[in-house]
There are 2 protein chains.
Amino acid sequence: MDMPDWVASVDPCDADCPSRDLLDLIGDRWSLLIMLVIGQGFHRNGEIRRRVGGISQKMLTQTLRALEANGLVARHDFATVPPHVEYRLTPLGVSLGHAVGPMFQWIEASYPAVLRARAAYAARQAQAA
Amino acid sequence: MDMPDWVASVDPCDADCPSRDLLDLIGDRWSLLIMLVIGQGFHRNGEIRRRVGGISQKMLTQTLRALEANGLVARHDFATVPPHVEYRLTPLGVSLGHAVGPMFQWIEASYPAVLRARAAYAARQAQAA
DNA sequence: GCGCATAGGTACTGAAAGTTAAGTACGCAC
DNA sequence: GTGCGTACTTAACTTTCAGTACCTATGCGC
């Protein structure tokens with residue numbers, strides 16, 4: 001079994017283990033996507049909403065609040081009228097960006113393999129039925 | 001802005017982009033936890049359920065099916081009575097394990113920083129109110 | 001032959017998440 | 001002075017998630 005070190009270092013059985021808590025945060029449907037777009041240089045609410053296809057205004061605001069509350073994104077409100085607010089990654093947010101890089105690379109590299117696995121699974125199901 | 005390369009290589013705006021699809025799969029609440037436990041050497045339904053605290057039988061079955069359908073976990077049914085089924089990581093599953101390793105390391109390393117950020121945010125909220 | 005164990009499947013139900021649509025408050029161009 | 005744009009907030013509605021409870025089939029101990 002060729003598994004990396006983290007199999008020993010994280011214990012999901014432990015309710016106090018940070019894995020549950022933070023996995024819920026960054027395993028969220030939109031969080032990483034929003035951080036990605038901010039990292040690409042889009043800092044304003046409207047810009048982000050237009051870049052992240054399919055997100056509603058409510059989810060964007062809600063997710064940005066959660067990211068801000070956890071120190072991953074900094075919110076700068078210029079307190080002008082009309083409103084002008086900018087979001088930027090904090091150093092902590094940037095470090096998370098680096099940590100999930102390999103995962104995104106895996107997604108890109110492995111997508112074809114996953115599609116093949118799905119097709120094979122569907123074929124097995126059809127055959128069994 | 002010190003962001004890694006993947007900010008340019010993945011485009012969440014594109015509905016065809018694999019990021020959405022696979023992020024939903026592995027960003028699931030239980031998938032990574034279950035793969036972790038299987039990687040630790042627990043291969044049977046009951047073993048996994050006892051290791052992953054808080055999961056119900058239904059969610060375990062459901063998640064294992066999804067992982068199997070996507071080629072991350074292999075299911076071996078020995079077709080005996082009483083039933084004996086074993087789950088193991090496929091090579092694809094092991095490669096995903098490696099890819100999320102840095103993320104788990106980040107979680108362990110950054111948890112204190114996140115807790116501090118939360119406390120600071122709560123203090124700001126209390127002050128504003 | 002009763003109940004327990006295994007590894008699930010299925011249906012019902014409540015909770016949570018997310019969507020749409022509308023409202024807030026102001027300035028600016030037309 | 002009508003409508004647009006910004007960055008939200010709120011309410012009502014819908015969809016999805018997840019847990020409980022009960023069901024399959026079989027051999028074992030008693």
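All heavy atoms count here, side chains included; hydrogens, waters and symmetry mates do not.
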Is A:Met59 reachable from A:Val85 through a run of I, L, V, M, F, W or Y residues, each pair having side-chain heavy atoms under 4.5 Å apart?
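A:Val85 clusters together with A:Met59.
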When you group the ILVMFWY residues by side-chain heavy-atom contacts below 4.5 Å and let the links chain together, are A:Val37 and A:Val94 in the same group?
yes
Counting distance only, does the side-chain N/O of A:Ser110 pair as donor-acceptor with the main-chain N or O of A:Ala113 below 3.5 Å?
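Checked: no pair found.
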Taking atom [atom2] of [N] as reference, at what distance in whole Å does atom [atom1] of [X] sit?
| X | N | atom1 | atom2 | value |
| --- | --- | --- | --- | --- |
| A:Glu47 | D:dC8 | CD | C1' | 16 Å |
| B:Leu60 | D:dG19 | CG | P | 11 Å |
| A:Arg49 | D:dT6 | CZ | C1' | 9 Å |
| B:Phe78 | D:dG27 | CZ | C1' | 18 Å |
| A:His84 | D:dC8 | NE2 | P | 11 Å |

If you check every side-chain atom of [X], which of [options] has the closest atom?
| X | options | result |
| --- | --- | --- |
| B:Arg75 | C:dA7, C:dG27, D:dC8 | C:dA7 |
| B:Thr61 | D:dA7, D:dG5, C:dG9 | C:dG9 |
| A:Arg44 | D:dT9, C:dA7, D:dT6 | D:dT6 |

Letter by letter from the 5' end, nucleotides 10-19 of chain C scores (B base, S sugar-phosphate only, - none; protein heavy atoms under 4.0 Å) --------BB
Step-by-step side-chain contact (heavy atoms from CB on, under 4.5 Å) determination, B:Leu89 to B:Leu72:
CA-CA 6 Å; B:Leu89 296 181; B:Leu72 298 172; over 6 Å; no
Need one value for B:Arg65: base, sugar-phosphate or nothing, where a base atom within 4.0 Å counts as base even if backbone is also close, heavy atoms only.
sugar-phosphate
Which part of the nucleic acid, if any, lies within contact of A:Tyr87, taking any heavy atom under 4.0 Å across all strands shown: a base, the sugar-phosphate backbone alone, or nothing?
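Counting heavy atoms under 4.0 Å across all strands, the contact made by A:Tyr87 is with sugar-phosphate only.
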Where do A:Glu108 and A:Pro112 come nearest, in terms of heavy atoms and distance?
O-CD, 4.0 Å
Would you list the atom pairs, donor with acceptor, under 3.5 Å between side chains in residues 23-35 of chain B and any protein atom, with sequence neighbours excluded?
unit_1, atom_1, unit_2, atom_2, d
B:Asp24, OD1, A:Arg29, NH1, 3.1
B:Asp24, OD2, A:Arg29, NH1, 2.8
B:Asp28, OD2, B:Trp30, N, 2.8
B:Asp28, OD2, B:Ser31, N, 3.0
B:Asp28, OD2, B:Ser31, OG, 3.1
B:Arg29, NH1, A:Asp24, OD1, 3.2
B:Arg29, NH1, A:Asp24, OD2, 2.9
B:Ser31, OG, B:Leu25, O, 3.2

Any side-chain N or O of B:Asn45 less than 4.0 Å from the OP1 or OP2 oxygen of C:dG8?
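For C:dG8, OP1 or OP2 has a side-chain N or O of B:Asn45 closer than 4.0 Å.
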Which sits closer to the 5' end of DNA chain D, A:Val81 or B:Gln57, going by the nucleotide each is nearest to?
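Taking each residue's closest nucleotide, the earlier one in sequence belongs to A:Val81.
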Can you tell me how far CG of B:Leu96 sits from CH2 of A:Trp106, rounded to the nearest 0.5 angstrom?
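A:Trp106 atom CH2 to B:Leu96 atom CG measures 4.5 Å (nearest 0.5 Å).
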